[in-house]
Participant: 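Please read through the structure below; I'll follow up with questions.
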There are 4 protein chains.
Amino acid sequence: MPESTVGRPLRADAQRNRLKVLAAAERVLAKDGSAASMREIARQAGVGLATIYRQFPTKEALYEAVVVERVRRLLDHAHAAAHATDPGDAFFTFFTFAVTETTGEKALVDSLAVAGLDPKAGTAPMHRDLEKATGVLLRRAQAAGAVRAEVGMAEVLALITAMCLAADRQHWDEQLRTRSLTVVFDGLRPQLRP
Amino acid sequence: MPESTVGRPLRADAQRNRLKVLAAAERVLAKDGSAASMREIARQAGVGLATIYRQFPTKEALYEAVVVERVRRLLDHAHAAAHATDPGDAFFTFFTFAVTETTGEKALVDSLAVAGLDPKAGTAPMHRDLEKATGVLLRRAQAAGAVRAEVGMAEVLALITAMCLAADRQHWDEQLRTRSLTVVFDGLRPQLRP
Amino acid sequence: MPESTVGRPLRADAQRNRLKVLAAAERVLAKDGSAASMREIARQAGVGLATIYRQFPTKEALYEAVVVERVRRLLDHAHAAAHATDPGDAFFTFFTFAVTETTGEKALVDSLAVAGLDPKAGTAPMHRDLEKATGVLLRRAQAAGAVRAEVGMAEVLALITAMCLAADRQHWDEQLRTRSLTVVFDGLRPQLRP
Amino acid sequence: MPESTVGRPLRADAQRNRLKVLAAAERVLAKDGSAASMREIARQAGVGLATIYRQFPTKEALYEAVVVERVRRLLDHAHAAAHATDPGDAFFTFFTFAVTETTGEKALVDSLAVAGLDPKAGTAPMHRDLEKATGVLLRRAQAAGAVRAEVGMAEVLALITAMCLAADRQHWDEQLRTRSLTVVFDGLRPQLRP
DNA sequence: TATGAATGAGTATTCATTCAT
DNA sequence: GATGAATGAATACTCATTCAT
């Protein structure tokens, strides 16, 4: 029974085009945000308009696919960091990585900002994973005394999102990113007060 | 000498319309972001479409006027705070006020995020003012020992923007805002280390 | 409060355009049926595309407006006929008029054919009126002995629709229409059998 | 000498596919009319898109093949009826059969309605046959006194088409069909007038 | 040979902006 | 001075058809 397309691996050329489309979409979405036009994406991918629609039924579906791809990379990093020897280092390194990696990725940042707001979104499961992974890093860092005990997941995620959003929207350079993160990290660390 | 309209004060009804339009635009822009339509703004203002164009030559001009209006309010607060007795309190209160006041104001937050990037934007002078006012608050707080000396204007503005963006995009509730700001503020304060 | 557009009479130019659009739509819909394109209608009306949308929010709305216009004419005729002196004549003349008038009006004929099937359609009330008016003519003709008593509304409407559809789709000439209606009319009249 | 494919009988599996496609097309065309999509037909046939194009060069060709198939069945019935003992019965039964059989077959009905209009259509020969067969039934019924002598082929075909069109478009139920046909048949029968 | 991926022309609809009333 | 009607360019999306696999 032909035309089922479920679970079947993509044909070689289709896979090639899928990648070209995702790459172009990533570029265009990064530049124009969700105002990006499908025609422009097709043009940059060197592909017919309908070719996009064959693999991604709507603009939103494409948008989401781009984001999922990126989140997966963050997730990989978080998982890897979870087994690092120094839990404090692992936590702060991951925080920094998230901000660095997403900067310039409007679509990705938007997605992070939206996560948690709209749990029925198709990207939700991936975000849950990311949340869980971040939770692990946080708790281990707290257990090791590298992060204050009274800090909760909610504000950590909020702060990560905040830094990602601002770094992206304001095109923070490396120095500004470092200085801003330093402030936040100092706020997260245990403090000695007289 | 009719038709000159430059510098001339607006007729009473024109002024009334201008306010109605700005109010409607604020509402609509807050809800729909820059995807807002001029027709919808006109409808909500109870005014003809061309009436908007008489005062604001393009959609962007209107958009900007709305933002300028809002920034002026922040500025007022900053100026007032500049003379407060406790400089540390003045600084942190202003920071909090900025985040609280802009939450839910997509247009305003976007404008803050864009400021500094596009110095030729019409809003620039106002942002310079805001920057200057914030600078005064910061330096006074540092002089009073309420904020660390090595913190610079750049990262303070960056952090304010970051918190505004995230609070708006993620619809932070009061508790989350408080907890997140607490972390940042702790990072800004002088710390005792062994 | 501007932009309400409800109940207010159209501006002179708008009314002119409305008529041009309806006329063009009638022509195009008659030729291409509901496969007609809005662009073609705009072209034939000598009007911008969006001008159509100002008055008719969707293709279907325009389609319907064309039909309503035509049905109104049938209805006028039926009402006029209701007071004719010879009830038999009134009935058969109306039947003939309906077929003649609708021939070449794909949209109108389609609408008649759809009526009764989809009572929630916007055109429904008008069709109810037409049905009622036809009912009056039928009953008066039966009372006068010009139409068999055992004939019901259902089949009369069915036959009218049938003749309209065929006359339109097959481009019946006058002679064919007359000969076909003669057969149907003979079938409707009381008959003497040995 | 491969590639000639002219006149060569179809391979067994090709023949199987042809039937699957025709069946699916009949179903889809009946439901969606000429707005049916080739992709949907392929899907329902459980066949690749290009497989359809191998046997039917265009959508219209497939459309036509479906219709020819159906008309053939009508024709078979007409031929069979031509030898019935009661010519009147044969004629009226065939008329009824035509209406019953075509109801729900948008494509078929359309084809009947178009026949005679476009003699260069590929279906024309088949329609000529149908016309001829109907002519035989009519003349025999007239000779037997079951149908009025002054009725011509033209209006008989017109009436058949009319009833088919309306029955299909309005989804006549059995009762309505019977009552409507009764009127038409009474109009076709010889009548006694004082 | 059968498949389905790719294509470009086509569709309805929306929007910022201009101009006759 | 204010209105809203008109406009054309732009957008997401669909479809019949062709061609590489």
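Below, read A as the first sequence line, B as the second, and so on, with proteins coming before strands; counting in each chain starts at 1.
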Participant: Measuring from atom CE of C:Met38 to atom CZ of C:Arg43, what distance do you get when rounded to the nearest 0.5 angstrom?
Facilitator: 15.0 Å

Participant: Rounded to whole angstroms, how far apart are CZ on B:Phe56 and P on E:dA16?
Facilitator: 15 Å

Participant: Measure the spacing between CG of B:Leu22 and CZ of B:Arg70 and express it to the nearest 0.5 Å.
Facilitator: 11.5 Å

Participant: Under a 3.5 Å cut-off for both distances, is E:dA16 Watson-Crick or wobble paired, and to whom?
Facilitator: F:dT7

Participant: Let me spell it out: for each of D:Met38 and A:Thr58, pick the nucleotide of DNA chain F with the closest heavy atom. Which residue's pick is nearer the 5' end?
Facilitator: A:Thr58

Participant: Whole-Å distance between E:dA5 P and A:Leu19 CG?
Facilitator: 15 Å

Participant: In whole Å, what is the span from the CD atom of C:Glu60 to the P atom of E:dA12?
Facilitator: 9 Å

Participant: Which residue, A:Ile52 or C:Leu49, contacts DNA chain E at a nucleotide closer to its 5' end, judged by nearest heavy atom?
Facilitator: A:Ile52

Participant: Assign each of C:Lys59 and B:Ala50 to its nearest nucleotide of DNA chain E by heavy atoms, then name whichever residue's nucleotide is nearer the 5' end.
Facilitator: C:Lys59

Participant: Could you state the CG-C1' distance from A:Asp13 to E:dT3, rounded to the nearest angstrom?
Facilitator: 12 Å

Participant: Write down the distance between NZ (D:Lys20) and C1' (E:dA2), rounded to a whole number of angstrom.
Facilitator: 11 Å

Participant: For C:Ala36, which contact category applies under a 4.0 Å heavy-atom criterion: base, sugar-phosphate, or nothing?
Facilitator: sugar-phosphate

Participant: Please state whether the phosphate of E:dA2, meaning OP1 or OP2, lies under 4.0 angstrom from any side-chain nitrogen or oxygen of D:Arg54.
Facilitator: yes

Participant: Report the residue (D:Tyr53 or A:Arg16) whose heavy-atom-nearest nucleotide on DNA chain F is the more 5′ of the two.
Facilitator: D:Tyr53

Participant: Roughly how many Å is it from CG in B:Leu62 to P in E:dC15, rounded to a whole number?
Facilitator: 16 Å

Participant: Can you check whether C:Arg39 has a side-chain N or O nearer than 4.0 Å to OP1 or OP2 of E:dG10?
Facilitator: no

Participant: If we call it a pair only when both distances are under 3.5 Å in a Watson-Crick or G-U wobble match, what pairs with F:dT14?
Facilitator: E:dA9

Participant: Within the 4.0 Å heavy-atom criterion, would you say D:Ser37 contacts the bases, only the backbone, or no part of the nucleic acid?
Facilitator: sugar-phosphate

Participant: What's the closest nucleotide to the side chain of B:Asn17 if the choices are E:dA6, F:dA6, F:dA2?
Facilitator: F:dA2

Participant: Whole-Å distance between F:dT3 P and B:Gln55 CD?
Facilitator: 11 Å

Participant: With a 4.0 Å limit, can you tell me whether A:Thr51 has a side-chain N or O closer than that to the phosphate oxygens OP1/OP2 of E:dA5?
Facilitator: no

Participant: CG of B:Asp32 versus C1' of E:dT14: gap in Å, rounded?
Facilitator: 14 Å

Participant: Can you tell me how far the NZ atom of B:Lys31 sits from the CD atom of B:Gln44, to the nearest 0.5 Å?
Facilitator: 7.0 Å

Participant: Could you check A:Asp168 against A:Thr102 for side-chain contact (heavy atoms from CB on, under 4.5 Å), going step by step and ending with a plain yes or no?
Facilitator: CA-CA 7 Å; A:Asp168 179 53; A:Thr102 59; over 6 Å; no

Participant: Nearest 0.5 angstrom please: D:Leu49 CG to D:Arg39 CZ, how far?
Facilitator: 5.0 Å

